[in-house]
Amino acid sequence: MLAVRDHRDKAAFACLFDHFGPRLRGMLMRSGVSAAQAEDIVQDVMLSVWRKAASFNPERADVAGWVFQIARNRKIDIIRRERRPVPEDLSEPTVDEADGEQIVALEQEAAKLRRALSALSPEQRSVVERAYMGDLTHAEIQAETGLPLGTIKSRIRLGIERLRHELKGDR
């Protein structure tokens, strides 16, 4: 392992692979992993050993402990990934035909809103329509109209209050 760590020795790595490969595979299969999956994990673990060789410290762990710890962690990652719930496909509700009652109700609400909007002053209606129907921010309304921001906010607030009052009266 020191030759792999210090000199990136491929022959030494091949010896490590030959030594630990079958042992890792056996350990993984005894823990319930399929043969094919065990092979994949062994390949992945040994690739990690090659890549992380510089982090191996013989004072902290022996080679076998270090390699088997990498394998254990990889197996846990794979098991967690397999057990993660898969989100169900979101299906869009099927809309064959709009319900006649819903269409009539929607048309009635739109008519009420149009009547309530017509009760607003032209200044209030203009900023309310821009804010709510035009999806404009107060700053964008200010840029379009040149009105002060405070005036825009006041007109929207008063307009919404008037709309609430008008719509309550229709019910």
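We number each residue from 1, following the sequence as shown. What you see below is based on every heavy atom in this structure, not just the backbone, and it leaves out hydrogens, waters and symmetry mates.
Taking the side chain as every heavy atom from C-beta outward, M46 and I70 never approach each other to under 4.5 Å. F56 places none of its side-chain heavy atoms less than 4.5 Å from the side chain of V49. The shortest side-chain heavy-atom distance between H165 and K168 does not fall under the 4.5 Å cut-off. Here the side chains of F20 and R25 are not in contact, with every heavy-atom distance at 4.5 Å or above. Using a 4.5 Å heavy-atom threshold, the side chains of Q142 and L147 count as separate. Counting heavy atoms from C-beta outward, H19 and R23 have side chains that approach closer than 4.5 Å. Contact check for R125 versus P122: side-chain heavy atoms found under the 4.5 Å cut-off.
With hydrogens and angles ignored, the 3.5 Å screen pairs no side-chain donor or acceptor of R5 with any backbone N or O of A54. Looking at S126, its side chain never comes within 3.5 Å of a backbone N or O of E123 through a donor-acceptor pair. Put simply, the side chain of E39 never gets that close to the backbone of A36: no donor and acceptor are under 3.5 Å apart.
Remark: of the listed residues T151, I152, L158, T151 is the sole one forming a side chain to side chain contact (heavy atoms under 4.5 Å, CB included) with R155.
The two residues L149 and A139 have their closest heavy-atom pair at CD1-N, 4.2 Å. The minimum heavy-atom distance between V45 and A71, with the atom names listed, is CG2-CA, 3.5 Å. Contact detail for A53 and V4: the closest heavy-atom pair is CB-CG1, 3.8 Å. Closest of all the heavy-atom pairs between L28 and S31 is O-OG, 2.7 Å. Across every non-hydrogen atom of L117 and E129, the tightest pair is CD1-OE2, 4.3 Å. When every heavy atom of A116 is checked against every heavy atom of L167, the shortest pair comes out as CB-CD2, 4.0 Å.
R74 CZ to D40 CG: the interatomic distance, rounded to the nearest 0.5 Å, is 12.0 Å. Taking CZ of R51 as the start and OG of S48 as the end, the distance is 6.5 Å to the nearest 0.5 Å. Atom-to-atom distance recorded for I41:CD1 and D77:CG is 9.5 Å, nearest 0.5 angstrom. Here the straight-line distance linking atom NZ of K75 with atom CZ of F68 works out to 12.0 Å at 0.5 Å rounding. Between the CD atom of E161 and the CD atom of Q124 there is a distance of 9.5 Å, given to the nearest 0.5 Å. Put simply, CE on M1 and CG on D6 are 9.0 Å apart, with the number rounded to the nearest 0.5 Å.
Between R130 and E144, at least one side-chain nitrogen of the basic residue sits less than 4.0 Å from a carboxylate oxygen of the acidic one, meeting the salt-bridge criterion.
Under a hydrophobic clustering in which Ile, Leu, Val, Met, Phe, Trp and Tyr are joined whenever their side-chain heavy atoms come within less than 4.5 Å, directly or via other members, I79 and M29 fall into different clusters. The hydrophobic clustering, which links ILVMFWY residues whose side-chain heavy atoms are closer than 4.5 Å, places Y132 and L106 apart. Criterion: ILVMFWY side-chain heavy atoms under 4.5 Å apart, direct or through other members. Under it, V128 and L113 are part of a common hydrophobic cluster. Taken together through direct or relayed side-chain contacts under 4.5 Å among Ile, Leu, Val, Met, Phe, Trp and Tyr, W50 and V42 form part of one hydrophobic cluster. Both L163 and M133 are part of a single hydrophobic cluster, where members link through side-chain heavy atoms under 4.5 Å apart.
Heavy-atom contacts from other residues, nucleotides or ligands closer than 6.0 Å to CZ of R8 number more than 12.
Taking the ring centre of W66 as origin, the terminal cationic atom of R60 falls outside the region bounded by 6.0 Å and 45° from the ring axis.
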